[in-house]
*Asks:* 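Got a structure for you, written out below as structure tokens; questions coming shortly.
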Amino acid sequence: MSSQIDPTDETWWREAVVYQVYPRSFADGSADGVGDLPGLMARLPYLRELGVDAIWISPWYRSPMADGGYDVADYRDIDPLFGTLRDATTLLDGAHGLGLRVIIDIVPNHCSDRHPWFQAALAAQPGSAERARFHFRPGLGSDGSQPPNDWSSAFGGPAWTRVPTGDGSPGEWYLHLFSAEQPDLNWDHPEVRAEFESILRFWLDRGVDGFRIDVANLLIKDPALPSQAALDADAPSPYADRPEVHEIYRTWRRIADSYQSARIFVGELWVSQESLKRYLRPDELHTAFNFAYLQAPWEAERLRAVINETLATHNSVGAPATWVLGNHDVTRVVTRFGRAESSYAPDGVRVHNAPVDLELGTRRARAAALLYLALPGCAYIYQGEELGLWEVEDIPLELRQDPTLVQSGGADLGRDGCRVPLPWEADEPGFGFGPRGAAAPWLPQPAEWKARAADAQAGDPESVLELYREALRTRKAETSLHVNGLLWIESDAQTIAFTRGTDFACVVNFGSAPIPLPAHESILLSSAPTAHGLLEPDTAAWLRLG
């Protein structure tokens with residue numbers, strides 16, 4: 001298939017709209033109830049019609065799936081659950097033929113405990129070359145029964161697991177900042193660095209257009225592995241955002257830049273804005289997710305402040321901002337914005353089963369879509385956002401698969417609620433997630449999603465899907481939306497209003513009463529009906545200025 005990708009376009013990533021595919025939940029082509037690459041391939045025309053520029057595919061590598069594929073056993077192969085390397089090649093060719101670029105996940109902080117390197121480490125002795133690729137340490141206490149330090153896993157519990165010696169007696173401990181099935185790699189080891197440089201080239205040679213870097217700020221650890229309790233309150237983290245990590249990404253950038261067409265990186269970086277810009281220097285990562293925006297509540301003042309801070313940070317290093325409302329790790333935006341506390345994970349704790357007004361959440365999510373798609377830079381859509389899907393919070397415990405549930409002792413139900421398989425066809429079993437006669441989707445779908453199925457929304461001008469399609473079409477067509485920067489329009493504290501270029505304005509009403517629209521020639525698009533020159537509460541409008 002001939003490619004519709006322009007290989008000479010070196011700046012496509014600066015304004016791209018990228019659609020995140022969580023493959024096990026996108027579309028099932030093999031009828032086993034789990035999404036896969038043939039299923040994704042069949043739905044590529046849907047993504048082209050939606051109007052996105054690229055897709056980002058969450059891990060497709062061979063994996064025991066202890067953490068949804070983020071525990072990688074082989075970085076150069078596709079997991080049989082999803083297909084084959086030939087399927088990956090077919091998908092890349094098919095996407096490029098439709099004008100869609102493809103970004104894939106790379107998971108460099110940790111691998112699977114089934115990875116050949118870690119299996120060799122388990123079989124080797126303390127102090128061996130095999131164990132040097134990871135962080136093995138003797139335990140504390142007279143019998144070594146205490147973890148080497150007080151670090152905690154992001155999923156709950158200690159970040160250390162003890163392994164037996166050759167005779168079965170308790171031995172050393174290994175570090176895992178996530179699940180025990182995800183041992184952290186030692187990035188001070190030259191073999192680790194060389195291996196990942198080789199992995200990058202393996203996929204770049206096969207035509208991928210870039211990588212999303214999982215937990216990009218965690219690779220380097222303080223070699224002393226000090227306990228956090230022993231550090232001063234203002235001391236830098238012993239395992240996050242270490243300055244040595246930047247040399248890794250400078251090396252990676254040189255690899256990406258060695259290819260003829262633009263290949264890009266986007267970093268998953270839960271760091272401050274001050275730290276973020278260091279990763280976005282011209283010789284490091286191209287872009288990074290803007291989690292400050294994702295975390296912000298549905299409040300005009302807070303969002304305006306985040307937008308200002310984001311643009312200032314990115315402009316200082318010449319990088320485009322990357323706007324995002326959700327992903328496979330966070331509560332879906334319809335649910336978040338339908339709650340009294342609309343920020344994500346207030347006080348750092350993910351919220352489950354709080355009261356939610358889905359009608360209000362949908363109204364706000366529609367307005368949020370027009371807001372973030374009007375901002376300068378690139379944008380990411382998490383699968384199902386364009387359908388107005390909400391978090392599924394009543395999944396039975398026995399069906400949940402996120403390791404967070406177990407490791408937190410049930411305190412955190414995990415992320416399965418935003419990973420429920422998509423509804424494609426309203427009148428088909430499993431809402432058409434798989435072919436007729438297929439096994440039931442791997443997580444149950446709410447019956448109420450019938451009205452949110454893609455075919456039920458297609459052609460309905462009032463649907464969320466058609467709002468996204470029209471917004472993406474307009475975003476491409478409007479010259480003013482390709483001009484860098486924005487200018488704020490003077491407004492009250494409950495309104496966000498700004499212009500792009502000479503003849504485009506975006507206005508969002510966060511208040512409880514209608515507000516008058518500024519003088520305009522016409523309304524290009526609105527998230528809810530407008531009448532008599534008024535913008536209703538929780539509504540956004542794109543305006544053509546006179």
Side-chain angles (χ1 to χ4, degrees), residues 20-42 44 55-96 101-123 130 133-134 176 178-179 181-185 187 189 191-215 219 252 255-256 259 263 265 268 328 401 403 419 442:
Q20 182 190 353
V21 171
Y22 190 71
R24 67 189 296 127
S25 298
F26 186 73
D28 171 19
S30 63
D32 63 355
V34 178
D36 47 39
L37 298 190
L40 170 55
M41 182 70 186
L44 286 178
I55 57 175
W56 151 36
I57 305 173
S58 292
W60 58 8
Y61 309 107
R62 188 175 289 270
S63 166
M65 300 293 165
D67 182 27
Y70 283 92
D71 50 316
V72 181
D74 186 344
Y75 290 86
R76 295 178 179 84
D77 198 7
I78 302 298
D79 193 89
L81 190 68
F82 300 138
T84 65
L85 270 175
R86 179 174 292 182
D87 291 330
T89 299
T90 300
L91 175 65
L92 286 165
D93 290 343
H96 289 162
R101 289 180 166 87
V102 179
I103 297 168
I104 63 172
D105 245 291
I106 188 76
V107 187
N109 178 70
H110 48 263
C111 62
S112 167
D113 62 352
R114 308 285 181 85
H115 190 285
W117 276 8
F118 193 72
Q119 288 295 303
L122 292 178
E130 291 84 358
R133 297 170 177 145
F134 300 90
H176 53 87
F178 294 88
S179 76
E181 294 87 356
Q182 295 167 291
D184 279 44
L185 290 155
W187 274 86
H189 198 299
E191 289 184 17
V192 173
R193 298 194 182 209
E195 171 69 357
F196 275 88
E197 291 166 21
S198 173
I199 292 165
L200 293 178
R201 291 189 177 97
F202 178 89
W203 291 107
L204 290 169
D205 289 345
R206 280 156 179 76
V208 303
D209 299 285
F211 298 88
R212 177 264 192 186
I213 308 170
D214 186 57
V215 293
L219 276 57
W252 286 20
I255 292 172
Y259 286 77
R263 314 295 179 94
F265 296 109
E268 183 196 22
H328 63 290
Q401 297 190 20
R419 301 174 176 181
W442 70 280

*Asks:* Is it the case that the side chains of S58 and R24 hold a donor-acceptor pair, with the cut-off being a distance below 3.5 Å and no angle test?
*Replies:*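 There is no such pair between these side chains.
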*Asks:* Using a 3.5 Å distance criterion without hydrogens, assess whether the side chain of R263 forms a donor-acceptor pair with backbone atoms of L204.
*Replies:* yes
*Asks:* Which value, rounded to the nearest 0.5 Å, describes the distance between I104 atom CD1 and L92 atom CG?
*Replies:* 8.0 Å
*Asks:* Shortest non-hydrogen contact from H176 to D184?
*Replies:*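 The pair with the smallest heavy-atom distance is CA-OD1, 3.3 Å.
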*Asks:* Any side-chain donor paired with an acceptor under 3.5 Å for D105 and Y70?
*Replies:* yes
*Asks:* NE2 of H96 to CG of L91: how many Å apart, nearest 0.5 Å?
*Replies:* 9.0 Å
*Asks:* Closest approach of P64 and R114, non-hydrogen atoms and distance?
*Replies:* CG-CG, 3.4 Å
*Asks:* Between atom CD of E130 and atom CG of L122, what is the distance when rounded to the nearest 0.5 Å?
*Replies:*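 Here the rounded value is 11.0 Å.
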*Asks:* How long is the gap from CH2 on W203 to CD1 on I106, to the nearest 0.5 Å?
*Replies:*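 Going from the CH2 atom of W203 to the CD1 atom of I106 covers 9.5 Å.
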*Asks:* I'd like to know if the side chain of W117 and the backbone of V192 have a donor-acceptor N/O pair within less than 3.5 Å.
*Replies:* no
*Asks:* When rounded to the nearest 0.5 angstrom, what is the spacing between CE in M65 and CZ in F82?
*Replies:*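 Reported value, rounded in 0.5 Å steps: 4.0 Å.
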*Asks:* How about CZ on R193, more than 12 heavy atoms from neighbouring residues, nucleotides or ligands closer than 6.0 Å, or not?
*Replies:*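 It does: R193 CZ has more than 12 such atoms within range.
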*Asks:* If you apply the rule side chain to side chain contact (heavy atoms under 4.5 Å, CB included), what do you find for L185 with L219, and how did you get there?
*Replies:* CA-CA 8 Å; L185 290 155; L219 276 57; over 6 Å; no
*Asks:* Do Y259 and R201 have side-chain heavy atoms sitting under 4.5 Å apart?
*Replies:*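 Sidechains of R201 and Y259: in contact.
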*Asks:* What orientation do Y75 and F196 show, parallel under 30°, tilted 30 to 60°, or perpendicular over 60°?
*Replies:* perpendicular
*Asks:* Between G69 and P59, which heavy-atom pair has the shortest distance, and what is it?
*Replies:* O-CB, 3.3 Å
*Asks:* Please tell me whether S179 and D67 have a donor and an acceptor in their side chains that are separated by less than 3.5 angstrom.
*Replies:* no
*Asks:* Test side chain to side chain contact (heavy atoms under 4.5 Å, CB included) on M41 and D87 and set out the steps.
*Replies:* CA-CA 9 Å; M41 182 70 186; D87 291 330; over 6 Å; no
*Asks:* Would you confirm whether E181, through its side chain, and D113, through its main-chain N or O, come within 3.5 Å as a donor-acceptor pair?
*Replies:*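 No, E181 side chain to D113 backbone: no donor-acceptor pair under 3.5 Å.
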*Asks:* Give the ring-plane orientation class for F265 versus F211, where under 30° counts as parallel, over 60° as perpendicular and anything between as tilted.
*Replies:*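 Answer is parallel, since the angle falls under 30°.
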*Asks:* Checking side chain to side chain donor-acceptor pair (under 3.5 Å) between R133 and each of E195, H189, E191, which is the one that passes?
*Replies:* E191
*Asks:* Any idea which heavy atoms bring C111 and F134 closest together, and the distance?
*Replies:* SG-CE2, 3.6 Å
*Asks:* To the nearest 0.5 Å, how far apart are CD in Q20 and CD1 in I55?
*Replies:* 11.0 Å
*Asks:* Side chain to side chain donor-acceptor pair (under 3.5 Å) with S63: which of D74, D79, D71?
*Replies:* D71
*Asks:* Where the side chain of D209 meets the backbone of I103, is there a donor-acceptor pair that is under 3.5 Å apart?
*Replies:*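 Side chain of D209 to backbone of I103, a donor-acceptor pair under 3.5 Å: no, none is there.
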*Asks:* Pair L40, V21 - check side chain to side chain contact (heavy atoms under 4.5 Å, CB included), show working.
*Replies:* CA-CA 8 Å; L40 170 55; V21 171; 4.0 Å; yes
*Asks:* Counting only N and O atoms by type, is there a donor-acceptor contact under 3.5 Å from the side chain of T90 to the main-chain atoms of R86?
*Replies:*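 Yes, T90 side chain to R86 backbone: donor-acceptor pair under 3.5 Å.
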*Asks:* Under 3.5 Å, side chain of R206 to main-chain N/O of T89, donor-acceptor pair present?
*Replies:*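 Side chain of R206 to backbone of T89: no pair is present.
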*Asks:* Could you walk me through whether H110 and D214 satisfy the side chain to side chain contact (heavy atoms under 4.5 Å, CB included) test, starting with their C-alpha distance in whole Å, then the side-chain angles of each, then the deciding distance to 0.1 Å, before giving a yes or no?
*Replies:* CA-CA 10 Å; H110 48 263; D214 186 57; 3.7 Å; yes
*Asks:* How close do G29 and D36 get, heavy atom to heavy atom, and via which atoms?
*Replies:*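 Closest heavy-atom pair between G29 and D36: N-OD1, 2.8 Å.
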*Asks:* Nearest heavy-atom pair of L85 and R76: which atoms, and what distance?
*Replies:* CD1-O, 3.7 Å
*Asks:* Would you say D28's side chain and G33's backbone share a donor-acceptor pair under 3.5 angstrom?
*Replies:* yes
*Asks:* On the 0 to 90° scale, with breaks at 30° and 60°, tag the W56-H328 ring pair as parallel, tilted or perpendicular.
*Replies:* perpendicular
*Asks:* Does the side chain of P108 come within less than 4.5 Å of W187's, by heavy atoms?
*Replies:* yes
